[in-house]
Amino acid sequence: MVGVGGTKRAASPTRAISPPPLKRKIESTVTRKAVSSFFTPASQKKPEQITWRVINNSAVIGKYISESGHKQRAEKPRIAAFDLDSTLVSTASGNTFPRNSSDWKWWHATVPSKLKELNEKGYYVVVVTNQKKISLKKDIKGGQSDSKSLTNFKERVMAVMKQLDIPLSVYAATEDDGYRKPRTGLWNEMLDDYDFDVAGVNLSESIFVGDAAGRPNDHSHVDRGFAINIKVPFKTPEEFFLNADPEPLVEPFDPSIYLQAESSDDVAPPFSRQSPLELVVFCGSPGAGKSSFYWDYLEPLNYERVNQDLLKTRPKCIKVAKEHLAAGRSVVVDNTNADPETRAHWVQIAKEFHVPIRCVYFTASPALCRHNNAVRAANQTLNPESRTLLPGIAFGDFLRRFREPSIDEGFQDIIRVEFQFRGDQEAKRLWGQYWV
């Protein structure tokens, strides 16, 4: 060896000379299965075991295909449909909502065996669930959806699917639209997926199981309402999996009772003109039927309508009302007019124009008004003014401010109007379903 300055040194006999580096074998990440799949014609490939799709940026649909496939045992298909949370699964943490995709356990130990038994008997097992915590909205900058909530949901559902290992489809509603239970959008989507919308389903031998049953401690009755809408028998998880006796129910809102009393043309109309020129003030919750009442009974009598939803502000409503009265045209104030302070503005205008002021009080219950709000927003044929869905706060604000109108406020009379459905058979069919 040559050292500094060119002096030769003898090689140390104890110093090892490094061997040349060995060539490491590079392991292939391509599996035999993948290679085989690549060369297999598309017509011969097996379908993916789990597939997902999103429709209308609203409903999430997952399908699991098991090796055994579905066992048809009846002439007409039978559906065993279930809610997901607090019906098939619950959180392992005890939280109301899962912390992450692994925060789940079976609602009861009998659930998986019962579902497998249904599959063996030939039932199509499906899950229909409301999942408003999932966000599918696009990010403004990147154009991507908020994938974390969706990913967590998918991973949780896929774990359930793999443990069950039976043919299973999951339909999840993420928005407050036609897919959300008790509305039937997801059920109709399922019927279309399986081509059951052509041949039909054995409804009497099908079933829907869910925890939102309208019992005293339930958060709602949307699952029971959904079963009524799709015309299949209903059971709670306790009744279906544990053979428990049915529990008493909180008296639910039932739209069918409003369809039992048929209106008759022989009955005198609920409103008639009393003076050549008058001011009429409506009082009632959003969704109580005020605008429909105007178009049915007051517009034919040539009353002009003043509505704050259209005119946006009370000063604008007052201005337009005064212009009509000054021109000799009777006026209807089609607003909620919840409290005496609001109604006092109109009493003062009546005094100013020396005309009588009358009040029409709409007595519809909060549950009925919410129902009208939902069915109106979801069905264009029942929504000639294209009203959008009102938030719950609109009803809460009305109830907070509401004081029943009194003759002492200066009204000539107060006409109480109870809600009565008016419409053809198709409108009756739509309105008579559960919507909230």
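Side chains included, hydrogens not; waters and symmetry mates left out as well; all remaining heavy atoms used.
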Any sub-3.5 Å donor-acceptor pair from [X]'s side-chain atoms to [Y]'s backbone N or O?
X: Gln163; Y: Val160; value: no
X: Ser285; Y: Ala288; value: no
X: Thr342; Y: Ala338; value: no
X: Asn373; Y: Leu389; value: no
X: Trp435; Y: Leu430; value: yes
X: Lys231; Y: Ile228; value: no
X: Asp218; Y: Ser220; value: no
X: Asp192; Y: Asn188; value: no
X: Asn202; Y: Lys76; value: no
X: Ser113; Y: Thr110; value: yes

Among side-chain atoms of [X] and [Y], is any donor-acceptor pair under 3.5 angstrom?
X: Arg99; Y: Thr91; value: no
X: Tyr64; Y: Gln49; value: yes
X: Asn119; Y: Tyr124; value: no
X: Asn229; Y: Thr184; value: no
X: Asp165; Y: Ser66; value: no
X: Ser102; Y: Asn100; value: yes
X: Asp254; Y: Ser256; value: yes

Stepwise, does the side chain to side chain donor-acceptor pair (under 3.5 Å) test hold for Ser330 with Arg273? CA-CA 10 Å; Ser330 294; Arg273 184 188 289 272; 2.9 Å; yes
Salt bridge or not between [X] and [Y]? Use side-chain N to carboxylate O under 4.0 Å.
X: Arg305; Y: Glu385; answer: yes
X: Glu409; Y: Arg403; answer: no
X: Lys121; Y: Glu205; answer: no
X: Lys428; Y: Asp424; answer: no
X: Asp85; Y: Lys133; answer: no
X: Lys319; Y: Glu323; answer: yes
X: Lys322; Y: Glu352; answer: yes
X: Asp83; Y: Lys181; answer: yes
X: Asp211; Y: Arg224; answer: no
X: Lys290; Y: Asp334; answer: no

Is the number of heavy atoms from other residues, nucleotides or ligands under 6.0 Å of [X] [atom1] greater than 12?
X: Glu251; atom1: CD; answer: no
X: Asn95; atom1: CG; answer: yes
X: Ile393; atom1: CD1; answer: no
X: Glu418; atom1: CD; answer: no

Under 6.0 Å from the six-membered ring centre of Tyr194 and within 45° of its axis: does the NZ or CZ of Lys63 meet both? yes
Is Lys114 close enough and on-axis enough to Phe240, meaning under 6.0 Å and within 45°, for cation-pi? yes
Is the ring pair Tyr258/Trp431 parallel, tilted or perpendicular, if the boundaries are 30 and 60 degrees? perpendicular
If you take all heavy atoms of [X] and [Y], which pair is closest and at what distance?
X: Gly432; Y: Pro255; value: O-CG, 3.4 Å
X: Val232; Y: Ser206; value: CG1-CB, 4.1 Å
X: Arg401; Y: Thr336; value: NH2-OG1, 3.8 Å
X: Ala377; Y: Thr388; value: CB-C, 4.2 Å
X: Val333; Y: Leu279; value: CG2-CD1, 3.9 Å
X: Arg343; Y: Pro405; value: NH2-CA, 3.5 Å

From [X] [atom1] over to [Y] [atom2], what is the distance, rounded to the nearest 0.5 angstrom?
X: Arg400; Y: Phe395; atom1: CZ; atom2: CZ; result: 15.0 Å
X: Ile415; Y: Gln274; atom1: CD1; atom2: CD; result: 7.0 Å
X: Ser292; Y: Gln420; atom1: OG; atom2: CD; result: 12.5 Å
X: Thr129; Y: Arg180; atom1: OG1; atom2: CZ; result: 9.0 Å

Heavy-atom side-chain proximity of [X] to [Y] below 4.5 angstrom:
X: Asn130; Y: Tyr179; value: no
X: Glu238; Y: Trp107; value: yes
X: Ile61; Y: Asp193; value: yes
X: Trp187; Y: Tyr171; value: no
X: Val332; Y: Phe293; value: no
X: His324; Y: Val320; value: yes
X: Thr151; Y: Lys154; value: no
X: Phe234; Y: Asp223; value: yes

Can you name the one residue among Cys283, Cys317, Pro286 that meets side chain to side chain contact (heavy atoms under 4.5 Å, CB included) with Asn335? Cys317
Residue of the set Phe362, Phe282, Tyr361, Tyr303 for which ring-ring contact (aromatic ring centres under 6.0 Å, His included) holds with Phe271: Tyr303
With salt bridge (Lys or Arg N to Asp or Glu O under 4.0 Å) as the criterion, how do Glu278 and Arg358 come out once you've worked through the C-alpha distance, each side chain's angles and the decisive distance to 0.1 Å? CA-CA 8 Å; Glu278 57 189 21; Arg358 307 170 66 196; 3.0 Å; yes
Tyr434 and Phe253 aromatic centres sub-6.0 Å: no
